[in-house]
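Each remark here refers to the structure printed beneath this line.
Naming: A, B, ... by sequence-line order, numbering from 1 per chain. As the structure is a computational prediction, the values presented were derived from the model and not from experiment.
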Number of protein chains: 2
Amino acid sequence: MSRTVAIVDDHTLFAQSLKNLINTFDGYEVSGIYKNGRELTHQFEANRAKPNLVLLDIKMPIMDGPETMCWLKENYPTQKVLALSMEDDEETITFMVKQGCRGYLLKDIDPDGFKFALNKVIEEGYFYTDAVSDAIKNKEKSLSKLTKREIEFLSLACTEMTYKEVASEMNLSPKTIDGYRESLFQKLNVKSRTGLVLYAIKNRILLL
Amino acid sequence: MSRTVAIVDDHTLFAQSLKNLINTFDGYEVSGIYKNGRELTHQFEANRAKPNLVLLDIKMPIMDGPETMCWLKENYPTQKVLALSMEDDEETITFMVKQGCRGYLLKDIDPDGFKFALNKVIEEGYFYTDAVSDAIKNKEKSLSKLTKREIEFLSLACTEMTYKEVASEMNLSPKTIDGYRESLFQKLNVKSRTGLVLYAIKNRILLL
DNA sequence: GTTCACAAGGGGAAAAATCCCCTTTTTCTA
DNA sequence: TAGAAAAAGGGGATTTTTCCCCTTGTGAAC
């Protein structure tokens, strides 16, 4: 009785190659390859047999990993999902885990480690590498030192609005905006508005 | 007589899976898998047999695609190289092509198209998808309206240096810096330094 | 030869950002 | 309960950025 695995990844070369690899694992069989979350949800809605495990890529132009994860949490909350990503993007890892993703793998894992992770998730329910666990901790740390209002200010500071305009947008005095600016400068160890923008982008607080 | 292919990619799961795929192609054989450009250059320097083709991933922490391409251009200019990337990053595509890369594939290519590309590069010397050709044209267009000095200024403007410090760095008068600032504001349709930073990052003139 | 773009630069002023010194009130935590 | 943090704000000064008006010199294209 094979364990079935569905692959959701728009990078066809990788998906097809991965299918070949998984089919060499004893007891595993790839039941389907889908280019995006949309194709997967269509399969689920057609009442086709559910796979034991969904391998879900994060970045896809149409219905990406996080979006698909939300749908699965709402419609098939017991479906086991293992995320695959190129990089340890803290923002996304944290989000996926909160949506019930059972594991998060980086694509630098070797085939043996990969097979081990598949077994873990199917048999025990969860598998996280140390790198991913660390990313979760770092993410919670990096934003936790900023208050809600500070984050709101930071988002607006990363636009071409003058601080006076930002004050108006937030219904505050320019002096308050100056207070937030100073607070962020100290917390983030920057010394200019440009520094704020660069920090926000580097730390994915601002997405472009 | 098999055509040999070397795979350079730090994403082990992908590299191993790709090796399995290529080994199913008649007339092809993977002669080696290397985690980064450094490992590849070591093989070349040890006078091992050169592969017919190098499949080179772009993003690697140690001696990445572009850096490896420079080394190959200088030391083995006739070595055929095919780049593999997740995305059509114009900056990198243009650079790689200038360094003599024979083709640039996105990882969303299917295995048949992939095999076709391998044949093209080995037999005819070159292979580019339409998407990649377009990226090359767009890249030349986006930077072409900026002068060399303006680009230099823009890079420094995207730091926390004051314009006075930038002027000093470029051995110019602050008035000249102001001239460049004004010129970029007009060309890029922005109205502040923040706008410059955001433009540079959105258009990948600045890489973070 | 003429025109335009690029490179480099000037005087001067206004607007925006940064800095330095604070304040009060409310909420949360140890 | 005391203290710290968060939220909101003030007066005032300095620095930096932006803006407005220009300049000269060089090289390339027509």
Side-chain angles (χ1 to χ4, degrees), chain A residues 137-203 205-206 208, chain B residues 94 137 139-203 205-206 208:
Chain A
K137 287 178 198 148
N138 288 341
K139 169 64 183 178
E140 289 169 349
K141 206 184 304 184
S142 133
L143 262 196
S144 66
K145 58 186 174 180
L146 304 188
T147 68
K148 191 174 173 183
R149 284 299 254 178
E150 282 171 346
I151 292 168
E152 195 176 334
F153 162 71
L154 183 54
S155 294
L156 294 172
C158 296
T159 67
E160 292 205 73
M161 291 160 80
T162 62
Y163 283 146
K164 188 172 176 182
E165 288 164 346
V166 170
S168 182
E169 181 71 27
M170 292 177 77
N171 294 304
L172 298 174
S173 152
K175 297 305 297 187
T176 306
I177 294 303
D178 194 34
Y180 286 135
R181 176 201 59 69
E182 180 61 30
S183 178
L184 288 185
F185 277 18
Q186 287 179 16
K187 286 181 179 179
L188 308 182
N189 194 29
V190 301
K191 61 187 179 182
S192 68
R193 188 168 178 178
T194 301
L196 286 184
V197 175
L198 292 170
Y199 181 93
I201 291 169
K202 277 178 184 166
N203 290 274
I205 296 168
L206 182 72
L208 287 181
Chain B
T94 308
K137 285 177 197 149
K139 170 63 183 177
E140 289 170 348
K141 205 184 302 183
S142 134
L143 262 195
S144 66
K145 57 185 176 180
L146 305 188
T147 68
K148 191 174 176 184
R149 285 300 253 176
E150 281 171 347
I151 293 167
E152 194 176 336
F153 162 71
L154 183 55
S155 294
L156 294 172
C158 296
T159 68
E160 293 207 71
M161 290 160 80
T162 63
Y163 284 145
K164 188 173 175 182
E165 288 164 345
V166 170
S168 183
E169 181 71 28
M170 293 176 78
N171 294 303
L172 298 173
S173 152
K175 297 305 298 186
T176 306
I177 295 302
D178 194 33
Y180 285 134
R181 177 202 56 71
E182 182 60 31
S183 178
L184 288 186
F185 277 19
Q186 287 178 13
K187 287 182 179 178
L188 309 182
N189 193 30
V190 302
K191 60 185 180 181
S192 67
R193 188 168 178 177
T194 301
L196 286 183
V197 175
L198 292 171
Y199 181 94
I201 290 169
K202 274 177 189 169
N203 290 273
I205 295 168
L206 183 73
L208 286 182

Atom pair distance, as rounded to whole Å: [atom1] in [X] and [atom2] in [N]:
X	N	atom1	atom2	answer
A:Lys191	D:dT15	NZ	C1'	13 Å
A:Glu182	C:dC22	CD	C1'	13 Å
A:Glu152	D:dA8	CD	C1'	14 Å
B:Phe153	C:dG9	CZ	P	14 Å
B:Leu156	D:dT16	CG	P	17 Å
A:Tyr180	C:dC19	OH	C1'	19 Å
B:Arg181	C:dA7	CZ	P	17 Å
A:Tyr163	D:dT16	OH	P	15 Å

Taking only side-chain nitrogens and oxygens of [X], does any of them come within less than 4.0 Å of OP1 or OP2 of [N]?
X	N	value
B:Ser173	C:dG10	yes
A:Thr147	D:dA7	yes
A:Thr176	D:dG9	yes
A:Arg193	D:dT16	no

Here's one to test your reading of the geometry: is the NZ or CZ of A:Arg149 within 45 degrees of the ring axis of A:Phe153 and under 6.0 Å from its centre?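 Not satisfied by the 6.0 Å and 45° rule.
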Side chain of B:Leu172 only, heavy atoms from C-beta on: which candidate in C:dC6, C:dG9, D:dA7 is closest?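 The answer is C:dG9.
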Nearest to the side chain of A:Thr162, heavy atoms from C-beta on, is which of C:dA16, C:dC20, D:dT16?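 From the listed options, C:dA16 comes nearest.
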Separation between CG of A:Leu196 and OG1 of B:Thr194, rounded to the nearest 0.5 Å: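 Result: 8.5 Å between the selected atoms.
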How long is the straight-line distance from CG of A:Leu184 back to CG of A:Leu154, given to the nearest 0.5 Å?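 The CG atom of A:Leu184 is 5.5 Å from CG of A:Leu154, to the nearest 0.5 Å.
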For A:Thr162, is there any backbone N or O sitting under 3.5 Å from a side-chain donor or acceptor partner on A:Glu165?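 Confirmed, A:Glu165 side chain pairs with A:Thr162 backbone.
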Backbone N/O of A:Ile151 and side chain of A:Ser155: donor-acceptor pair under 3.5 Å: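 Checked: pair present.
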Which residue, B:Asn171 or B:Asp178, contacts DNA chain C at a nucleotide closer to its 5' end, judged by nearest heavy atom?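 Its nucleotide being nearer the 5' end, the pick is B:Asn171.
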